[in-house]
Number of protein chains: 2
Amino acid sequence: MTAAGPDPAAEPPADGTARVVDAVRRAIVAGEFVPDQRLVEADLSERFGAGRSSVRSALLQLSGEGLVERVQHRGARVRAVPLAEAVEVTEVRMVVEGLCAAKAATRLADADRERLRGLGAAMREAVAAGDLLGYSELNQRLHALVRALGGQATAAGVLERLRGQNVRHRFRLALLPGRVAASLPEHLEIIEALCSGDPRAAEAAVRGHLRSVIAALPAVDRGPDLPLDSL
Amino acid sequence: MTAAGPDPAAEPPADGTARVVDAVRRAIVAGEFVPDQRLVEADLSERFGAGRSSVRSALLQLSGEGLVERVQHRGARVRAVPLAEAVEVTEVRMVVEGLCAAKAATRLADADRERLRGLGAAMREAVAAGDLLGYSELNQRLHALVRALGGQATAAGVLERLRGQNVRHRFRLALLPGRVAASLPEHLEIIEALCSGDPRAAEAAVRGHLRSVIAALPAVDRGPDLPLDSL
DNA sequence: GGGAACAAGATTGTCAACAATCCTGGTGCG
DNA sequence: CGCACCAGGATTGTTGACAATCTTGTTCCC
């Protein structure tokens, strides 16, 4: 049963509930469903061609993930994450991702170091080329890699759950003028600290980076709504 | 975050789903439902006098809280938390509760200091009197207080979610011979560091304490099953 | 004109029945 | 004897209808 790993590109014939969960989640992170938008069961049912029961289960599940908010007899709506909470989320990410980095630093194989440094080089190039979206993508890849290398499933789960909550802020962050200039050296420092195998340094580097992200969040929040077509 | 917070004194007339959620959660943390036990919808439906639909919703919600595990077409069972995962959970608790402590240290009012020192004194007395269960209760109160004083709703939510996952191990920890002797000074150090208003010291004290808890976990895991009637 | 009482509409929560799926035991063939 | 195969039972997933609850617009009285 443990033989075949989770295929990253599988499950086209997802049945009712699972399919709706996926579709709604995708619509939320893509910005198609805006914060505070009501999610009426009957509407979603018709839109996705699934029974109201499946939609209901899906909303229950998404509520558990913190993406939608439900109140008794009043339905579900897309959870709005105000700036103050985005800061809180990032603070928690700071310490938990710091833990992952510290653990990762003591477990690296040579192949891992290569992947990390490869990512670092790609980031440098993206910045040099002015490819903000590509950089944002690499950014996520780096953080995901740190999560994975930590080998801490619980921490990874917590981070995954938090990740969904401030997609909005995170997407805009990379587009903030001058942000990448500050972000790139921090990322490179994380990579170097990890490769050096020093857990304290790795944790400190991750914390420093996310502290800087927190400092930049207020500016992001004041920004205008973006198209986000680029997904 | 989402509701789900076990309010110690509220909602007497809980209707269908909410009532089942509460009852099942209580049964799980009380040990009435043992790990890996199957939770058949029809059985629970009859036991709690609620429609299978309500039971279903309840299981969905509890699955979101991480208390039960569900697999497609194979039903739900009480999540078993193996030692390795209990360690992981405590590691995450270590850093997140450290964050709460650091933030709390900078926000304390005099009344808070009094409450903290009062808890410390009560702990000393409980240990002197050999009241292990009372000490365990005070222990939880202290950790809850740190959570609350941090004023970090997101962190508190994460911790609340993790708390439910290793009740089993946590309950037995206090009963481990010689454990309280190591635990008490650590708790007192946390209290002093908080009262001194130094965030770094507070975080370090919390981390040190939970590191010691982690070290003690393997011994707990080997212990026999306890009655747990004391709830 | 302002606000409480009320009724209609909309939406969620629950129930019972049906279909789909999985697990368990037995059966027959090699 | 071992193993693929196949009913039978048990359990979950889904559908549709009904009851309970909330929201909104209206009316009536002060």
Side-chain angles (χ1 to χ4, degrees), chain A residues 1-4 6 10-25 27-28 33-80, chain B residues 2-4 10-25 27-28 33-80:
Chain A
M1 46 190 124
T2 53
E11 75 242 66
D15 68 325
T17 296
R19 186 168 50 85
V20 177
V21 170
D22 219 54
V24 174
R25 180 174 21 214
I28 290 179
F33 292 162
V34 302
D36 270 330
Q37 176 172 339
R38 284 195 62 189
L39 299 175
V40 179
E41 297 180 357
D43 294 358
L44 299 181
S45 173
E46 191 198 3
R47 165 161 184 175
F48 296 120
R52 197 163 75 87
S53 174
S54 305
V55 171
R56 195 176 175 71
S57 294
L59 290 178
L60 252 308
Q61 188 164 330
L62 289 171
S63 158
E65 291 182 28
L67 277 181
V68 314
E69 202 172 19
R70 279 170 38 92
V71 282
Q72 286 244 353
H73 296 120
R74 241 178 262 194
R77 42 183 69 230
V78 179
R79 248 199 74 185
Chain B
T2 52
E11 69 240 59
D15 69 328
T17 296
R19 184 168 51 86
V20 176
V21 170
D22 218 53
V24 174
R25 177 168 33 206
I28 290 179
F33 291 163
V34 303
D36 270 330
Q37 175 173 338
R38 284 195 62 190
L39 299 175
V40 178
E41 296 180 357
D43 294 357
L44 299 181
S45 172
E46 191 199 2
R47 165 161 182 175
F48 297 120
R52 198 163 74 88
S53 176
S54 305
V55 171
R56 195 175 175 70
S57 293
L59 290 178
L60 251 311
Q61 189 164 330
L62 289 171
S63 159
E65 291 181 29
L67 278 181
V68 314
E69 203 172 19
R70 280 169 38 91
V71 281
Q72 286 244 352
H73 300 283
R74 240 178 263 195
R77 42 183 70 230
V78 179
R79 249 200 76 188

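Worth saying up front: this structure is predicted, and the values here are computed from it rather than measured. Every chain is numbered from 1, with letters handed out A, B, ... down the list of sequences.
Going from atom CZ of A:Arg70 over to atom P of C:dT11 covers 16 Å, rounded to whole Å. One interatomic measurement links the two molecules: CG of A:Leu60 to P of D:dT14, which rounds to 13 Å at whole-angstrom precision. Rounded to whole Å, the distance from CD on A:Glu46 to P on C:dT11 is 12 Å.
For the atom pair CZ of A:Arg77 and CG of A:Leu39, the computed distance is 9.0 Å after rounding to the nearest 0.5 Å. Rounded to the nearest 0.5 angstrom, B:Arg70 CZ and A:Gln61 CD are separated by 7.5 Å. Rounding to the nearest 0.5 angstrom, the gap separating the CG atom in A:Leu67 from the CZ atom in A:Phe33 is 12.0 Å.
In terms of modelled atom types and a separation under 3.5 Å, the side chain of A:Thr17 and the main chain of A:Ser57 share no donor-acceptor contact. Side-chain N or O atoms of A:Gln37 include one that pairs as donor or acceptor with a backbone N or O of A:Val34 at under 3.5 Å.
Residues passing the side-chain hydrogen bond (donor to acceptor under 3.5 Å, both in side chains) test with A:Glu41 are A:Arg52, A:Arg56, sequence neighbours excluded.
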Pairs: protein N or O with nucleotides 14-18 of chain C N or O, under 3.5 Å:
unit_1	atom_1	unit_2	atom_2	d
C:dT14	OP1	B:Thr17	N	3.3
C:dT14	OP2	B:Thr17	OG1	2.7
C:dC15	OP2	B:Gly51	N	2.8

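Non-hydrogen atoms lying under 4.0 Å from DNA chain D are contributed by nothing in residues 35-44 of chain A.
When the side-chain nitrogen and oxygen atoms of A:Arg74 are compared with OP1 and OP2 of D:dT21, none of them lie within a distance under 4.0 Å.
Classification of B:Asp22 and B:Arg19 as a salt-bridged pair fails, no side-chain N sitting under 4.0 Å from a carboxylate O.
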Between A:Ile28 and A:Val68, is a side-chain contact (heavy atoms from CB on, under 4.5 Å) present by the stated rule, with each step listed?
CA-CA 9 Å; A:Ile28 290 179; A:Val68 314; 3.7 Å; yes
